[in-house]
Each structure stands twice: as C-alpha cells, then as structure tokens.
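So the structure is just underneath, and the comments pick up after that.
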Number of protein chains: 2
Amino acid sequence: MSAELGGEPGKAGPAGESAVDAVVQQIRNLIASSKLKVGDHLPTERDLCAQFNASRNTVREAMRILKAYGLVDVRPKIGATITDNRMTRAFELFSFNTMEISRKTFSDVQAFRSLIEVGSADLFFDRLRQEDLDDLSEINASLAENHDLNEASEIDFAFHVRLVSILDNHAVLDVYAVMKPVILRIMQKGKTRRTFMTETFSEHQDVVDALAARDRLAFQYRLRSHLMIGFRFFSEEMEESA
Amino acid sequence: MSAELGGEPGKAGPAGESAVDAVVQQIRNLIASSKLKVGDHLPTERDLCAQFNASRNTVREAMRILKAYGLVDVRPKIGATITDNRMTRAFELFSFNTMEISRKTFSDVQAFRSLIEVGSADLFFDRLRQEDLDDLSEINASLAENHDLNEASEIDFAFHVRLVSILDNHAVLDVYAVMKPVILRIMQKGKTRRTFMTETFSEHQDVVDALAARDRLAFQYRLRSHLMIGFRFFSEEMEESA
DNA sequence: TAGGACTTTCTTGGTCCAACAAATAAGAAC
DNA sequence: GTTCTTATTTGTTGGACCAAGAAAGTCCTA
C-alpha cells in the first residue's frame, strides 16, 4: 500500500504539476462528479489520502488552498464541508494589508470608490436628508481637531462611510467594511496630521456644501478630485518579473 | 471565516487561534515591519520555523495560504518572494467552477451587478451615445438567433459588458472580466436556448428601449428585474448532509 | 424495564518530527 | 569558460501524538 521508496513516481500527473496541485484538482473533480452542494461533507482527510494515494500532509496543504479559496470550510472533528464564500474572499484580497500600498492598488481601489461615490450622485440627491448633512458636517468637524494619523484616517473613513450610507445599500457598506484596511492606508499615504486638519477637512466640506446646494456637477467634481489627489504620492514602480 | 486573513475580524471567534493562523499573522507582521516590497525574499522555511517556534508543516500550511492569496511566490531552492497577484488570484477564484452555483453566490453576484448597472443609471444617461444603442441592439439581435446555451450566454454577457462599457470605467470592466465564468453560469441557470431567444432577448430590448427613451425609472426597474429574475431557480439550501 | 446521566472509546482534524527526493544556486575542478 | 560537485532549500512522505467532540456503552435511579 505504501509508495515505493525511491522508485518511479509512476502514476504522477503531467510533468511539472506538484502533488498538492494534483490533489486540489482531484478534489475539485470529486466535488463536480459527485455533484456535491453547499453543506455536503467531503471525505475525511485520511480517506482522501487513500483515495488519491497521497500523504496526509499533501492532502492537508491542498485543503488549505481550497479553504483559502472559500470553497470548503473545515472544522475539527466535523470535517470538511462544501461552502461558497468566493465573493467574500475576492473582496478580502484587498483587505490583506501587509505590504506598502502599491500604485496599482491605489488606482484600483480609488477607481472603485469613485464608481460608488461619484457614480451614484443622482441617488445621493434623491435620498439626501437634512440629518445626513448634519452628520457629515459633524464628522468632518472632528477631523479639524488634533488627532494622530490613525485617528484622523478613521474619521476620514467614517466620513465616507456615512456618505455612502445615504445610498442605503448594504452590499456597498459591506464592500467598504472589507476594504477598510486598504482604504485607511490609502488615506494616510503622504499625509500628516496637519494635512487632515486642513486640506482633507476642506475638501470634505466642499463636498458637503455641494450636497447641501444640490449642485450635482460640483459634488461629482470635488469628490472625484478628493479621491484622486493622493495619486501624486505613488511613484511609478517597475514591473517585476516572475 | 478567514481567521487567517481578517486583521481584526471583531467576531466572537473561538479564543484559541490555530498555530497556522498565528504563523500567517506573524509572517504578515514580518513583511510589514521589515518593509518588504515586491520582489524581496522571505526567510527560508526552516528559518521561519525557528523564528516562530513552529514546525515546518505548520509554516508550510501558512505559506500555502499566503500563496493562495497571491502574496508570495515560492519556488524550490529559490524560496518565497513577495508578489502581488491578488487580481490574478481573484480570477482563479471565479474559475473554480466545479460546483453548482449556490443561491448565495447568485445573490452576491447579482446584487453587485445591480449596484453597478442599476446604480449607475444617471451616469449611463450622461454618457449615452447613439452608437452605444446601436451596438446594444445589434448584440441583442444576435441573441434572438439560434445558438446553443454556451453561445447564448456569451452573447448575454457581451450585452451587459457593452452596457457597462458606457461607463468608461476600466475597473468595472476588469471586475466583469474576472467574474465572467460565474456570470455565465448564472445566466445559464434554469434557461434553455429558447429562453434566451425569447425572454432574455425581450428583457434586453426593454432595457435598450428605456435607454433610448431616456426613461430612467423604466431603465432601472427593467434592468433590476432582469438581473433578479433567475432567483427563482435557486432553492433554499440546508446546512447538514444526509 | 425505561430513561437519563455518566463514562469510555473511537474518530478526526491539528501539530510535530524525521527522513528522503528533486531542483538548483554556488562553488570547485578542469 | 565549461563542467562537475556540493550544499541548500523546497516538495513529499509516513508516522506519531494530542485535543476536542461524537458515538457507543454503562450505570444508576425512578
């Protein structure tokens, strides 16, 4: 039953594919061919070992990949069950905030926010109420006070969340929640405490004024400018090769 | 979910964090504190074992997670290098088309599309040009011809891509490209060739007509209905298995 | 006897260890 | 400069043990 030590791999798949990748593929096939649905159970790790003739560590690494992709949910003693959290995972990719914000990430995220915030202008004016304006002004007023960078960016973020909350769309708020870490980093880039207290505060106030005046063009122009103003802090970076 | 990814999930998860999650977090901290950039090398697996007091398997499983998220690229003998392939990984996420589309994925994806397509109505009318209408009509006309399911869904998808292309936002087009495999599956769910030729064609035509008439309310209502009409094909799913 | 509470056993994922294979960068030998 | 050797590092394997929880068995009481 055990693999032949030092022997020919034999049934190994196409050259160049790792054993872990092969197991991932085989589990995918298993899911597809067995027509497993969300909530169904996968065989135990040890069963999969026997079924795919792989060691348990290999199966476990494959399972980690599937788990990272949001396709299975594995709990001790319970085993692996099929799930489908791909959409959540996709957004979480942008919440992974270990390294310096890259120019590309800045561009992607801000373009997306621009789509939401600037692109929904007409919805804003449809739903806008006085209390929205009051809240925005109050939050922004706090920005003018003396905070450290982290606090200031949190307030900046809260301002934008309050803004999009006018849209009353939970999906949007969810997206903002998962992207919060990246957005915070973007907000801090190139700024000081004073920048928040002066420039950012002023830009926000201009946006609120445009909202209050129901001046859609001004609202869109000012908000778009506000979102893109940090672009100057990101220098071109070389394309690394694999 | 994603105990290893969420920075501060805030959820009442089990107090005990797994060793693998801990190592993932420590590697993240290492990247952040060392200010590692794309292309830089991580310490070897064995170094990380010593550094974090973890076994090699634990470190390897942690590395698999980081690799799955497109944050590191590890090659034999070379070691792990920092990368940023999050977009690519997102694409692979949605290429995992092994299982039946779940109700949750349908709901997530269509709600998101609704946000983009319905929520940007006012931008559509701002930018709309005659050639946009002509292209949309032409694409939709093709849908009325006799195609197989795959071809029909491709045309359906092309229609919506052409629609959002009016927004002239590359980020949105990128998102649609990434989600294409899932969107195609959603479009095919519960449909036949004839459904595409009749119902889908008709719904599209109604949307185009509303665009041409610059009737924003009709545009939003019809488009939203069109996106959500497939919902009836997804039944509630239960949690446990047989 | 029936039924519930307690105990034991077994299953299963989580972690660790030790070894070897394979790939390849780096140095040695020519 | 080319080729060979060596050393290092990831890839894979099999085995071991633990902790948590489910399942099964046991025992006590009404």
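Throughout, protein chains are lettered first and strands after them, A, B, ... in sequence-line order, and every chain is numbered starting at 1.
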Output yes when at least one side-chain N/O atom of [X] is less than 4.0 Å from OP1 or OP2 of [N], else no.
| X | N | result |
| --- | --- | --- |
| A:Arg60 | C:dG14 | yes |
| A:Thr58 | D:dG11 | no |
| B:Arg64 | D:dT12 | yes |
| B:Thr44 | D:dT8 | no |

Figure out the [atom1]/[atom2] separation between [X] and [N], and round it to whole Å.
| X | N | atom1 | atom2 | result |
| --- | --- | --- | --- | --- |
| B:Asp21 | C:dG13 | CG | P | 17 Å |
| A:Glu45 | D:dG15 | CD | P | 16 Å |
| B:Glu17 | C:dT15 | CD | C1' | 15 Å |
| B:Arg75 | D:dT12 | CZ | P | 16 Å |
| A:Glu61 | D:dT13 | CD | P | 10 Å |
| A:Arg56 | C:dT12 | CZ | C1' | 7 Å |
| A:Arg46 | C:dT15 | CZ | C1' | 12 Å |
| A:Leu42 | C:dT12 | CG | P | 13 Å |

Taking the side chain as every heavy atom from C-beta outward, state whether [X] and [Y] have any atom pair closer than 4.5 Å.
| X | Y | answer |
| --- | --- | --- |
| B:Glu154 | B:Leu184 | yes |
| B:Ile101 | A:Asp84 | no |
| B:His160 | B:Met187 | yes |
| B:Ile116 | B:Leu167 | yes |

Problem - Residues A:Arg185 and A:Gln188: side-chain donor-acceptor under 3.5 angstrom - result: no
Problem - A:Asp21 versus A:Gln25, side-chain donor and acceptor atoms under 3.5 Å - result: no
Practice task
Choose from C:dC16, D:dT12, C:dG14 the nucleotide whose nearest atom is closest to any side-chain atom of B:Ala54.
Solution key: C:dC16
Polar-atom pairs under 3.5 Å, protein N or O versus N or O of nucleotides 24-27 of chain C: list them with distances, or write none.
none

Handout entry: B:Asp47 or A:Ser55, whichever maps to the more 5' nucleotide of DNA chain D
Key = B:Asp47
Practice task
Give a yes or no on whether a donor-acceptor pair under 3.5 Å exists between the nucleobase atoms of D:dG14, that is its base, and the side chain of A:Asn57.
Solution key: yes
Completion exercise
Tightest non-hydrogen contact, residues A:Leu149 and A:Phe196, listed as CD2-CE1, 3.5 Å
